[in-house]
Amino acid sequence: MIKCLFAGLLARRATINPSTCPTYRQLFWAEVQKRQLKTKNVLESKFKEDPTGNQCGTKRPRESPSENRESQREAQNMKVPKQTEKPSVPDSHREATKTTESVGHWSQGLKTSMQDPKMQVYKDDTVVVIKDKYPKARYHWLVLPWQSIPSLKALCKEHCDLLKHMQQVADQIVQQCPDVGSLRFRTGYHAIPSMSHVHLHVISQDFDSPCLKNKKHWNSFTTDYFIDSYDVIQMLETNGRVTVKEGTSELLKLPLRCHVCRKELPTIPALKEHLKSHFPKK
DNA sequence: GTTCTAGAAC
DNA sequence: GTTCTAGAAC
């Protein structure tokens, strides 16, 4: 186990944002290494499935304007799972769905996805990992706690251990990736997420995905809108809460800039073409 | 979060 | 003319 964690540590070192405090990182890993894994990790074989097996390539068929609105609403309702469906997890794990907001609303989608066994690539007593439904890179997972925590704002010092465990699980997931040797990964949170329920993004830095379509997508992962997991934990330990700087939402409107060489590109297609030079297909 | 599309940009 | 984005709607 220690060997495994050490391997994880070495792998992370290569990917860490240089702006993070090294002293803190050392303390963090000392703590992680002391920690026993709560459960045996059951990484299912489906983990190795094609990460591009997603929905973003498929277009919704166009309809005539007159019937468009109504049929769209119908399609939206179709996505809501039936109440009679057999739950995939014990009641103790369904706390996430206890909310005053309708589970049918798009912002509540993660609560549904995380309960779906077909989406789960890992689970233990405290967290579940799913593939992002619309991955923005070759590899893109979400680590979610079973405990219902709406957003970073709701976090307090008591959540530190949970967030550390989420990071630890994220590192394990990365280590299982067949391309861990050639791709860099980042683990972090969106400062102002669209989807309810705290979720840790685990994303490879190729950003090679048809689901990455606009400036908001790009800037949400390549500017300070994306907060490194270690920084969130540190903020929580230091201040007891997570604060987001004023003007963070404006970061999404910044010009498109390559995260590798900092070159500015005029459009998303131009950026994607440019990225091919940094991340050629195998 | 996504989809769709009007109209800006080329 | 085509490409691309931004914003509304969901």
Side-chain angles (χ1 to χ4, degrees), chain A residues 51-81 96-97 99 101-116 118-120 128-137 139-145 148-154 186-203 207 209-223 225-227 244 248-258 263-276:
Chain A
T52 58
N54 53 64
Q55 305 191 358
C56 55
T58 57
K59 272 192 178 175
R60 196 156 62 181
R62 300 230 178 150
E63 295 144 5
S64 68
S66 58
E67 59 185 335
N68 198 19
R69 194 55 49 78
E70 198 173 336
S71 49
Q72 268 187 23
R73 199 167 293 128
E74 225 171 81
Q76 190 76 19
N77 291 339
M78 293 281 281
K79 289 175 191 166
V80 182
T97 57
T99 169
E101 184 117 32
S102 161
V103 287
H105 190 261
W106 60 260
S107 65
Q108 307 300 309
L110 289 178
K111 298 185 203 301
T112 309
S113 297
M114 65 189 279
Q115 310 285 346
D116 181 356
K118 292 193 291 289
M119 304 285 278
Q120 297 164 349
V128 60
V129 183
I130 59 173
K131 279 199 229 175
D132 194 295
K133 201 171 174 183
Y134 300 92
K136 304 300 185 293
Y139 301 96
H140 188 181
W141 297 280
L142 303 176
V143 184
L144 306 107
S148 180
I149 305 169
S151 71
L152 294 181
K153 282 186 214 163
R186 282 189 76 193
T187 52
Y189 300 84
H190 278 152
I192 309 164
S194 302
M195 305 295 281
S196 183
H197 202 100
V198 161
H199 52 283
L200 174 62
H201 289 272
V202 183
I203 185 165
F207 297 109
S209 166
C211 297
L212 196 148
K213 295 177 175 177
N214 57 47
K215 184 176 271 189
K216 183 177 173 178
H217 291 156
W218 179 256
N219 284 330
S220 73
F221 286 101
T222 60
T223 68
Y225 195 92
F226 189 84
I227 312 175
V244 170
T248 297
S249 60
E250 298 304 303
L251 297 174
L252 296 178
K253 297 173 187 169
L254 286 172
L256 299 168
R257 195 173 283 284
C258 174
K263 180 181 166 71
E264 190 176 319
L265 284 305
T267 63
I268 287 287
L271 171 66
K272 290 191 153 209
E273 197 57 37
H274 172 80
L275 289 176
K276 286 180 186 173

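Order of the sequence lines fixes the chain letters, A, B, ..., with proteins taken first and strands second; residue numbering starts at 1 for each chain.
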Whole-Å gap separating C1' (dG1(B)) and NE2 (His197(A)): 16 Å
Working for side chain to side chain contact (heavy atoms under 4.5 Å, CB included), residues Leu256(A) and Lys215(A): CA-CA 7 Å; Leu256(A) 299 168; Lys215(A) 184 176 271 189; 3.9 Å; yes
Sort me out a list of protein N/O and nucleotides 2-5 of chain C N/O pairs below 3.5 Å, or just none if empty.
{"residue": "dT5(C)", "atom": "OP1", "partner": "Ile268(A)", "partner atom": "N", "Å": "2.7"}

Atom-to-atom span, CH2 of Trp106(A) to C1' of dG1(B) - whole angstrom: 5 Å
Lys216(A): side-chain contact (heavy atoms from CB on, under 4.5 Å) partners, not counting sequence neighbours: Ser194(A), Asn214(A), Leu252(A)
Those residues that, when tested against Lys263(A), pass side-chain hydrogen bond (donor to acceptor under 3.5 Å, both in side chains) (two or more places apart): none
Enumerate the protein-to-nucleotides 6-10 of chain B contacts in which both atoms are nitrogen or oxygen and the separation is below 3.5 Å.
none

Sugar-phosphate only, base, or nothing, as touched by Lys136(A) at under 4.0 Å among non-hydrogen atoms: sugar-phosphate
Under 3.5 Å: donor-acceptor pair, side chain of Gln120(A), backbone of Met114(A): yes
dG1(B) OP1/OP2 closer than 4.0 Å to side-chain N/O of His217(A): no
side-chain hydrogen bond (donor to acceptor under 3.5 Å, both in side chains) against Thr223(A), all qualifying residues, sequence neighbours excluded: none
Between Phe221(A) and His201(A), ring centroids under 6.0 Å: yes
Main-chain N/O of Met195(A) paired with His197(A) side-chain donor or acceptor, under 3.5 Å: no
Rounded distance (Å) that lies between atom C1' of dG1(B) and atom CE of Met119(A): 12 Å
With Ser113(A) via side-chain hydrogen bond (donor to acceptor under 3.5 Å, both in side chains) - residues at least two apart: none
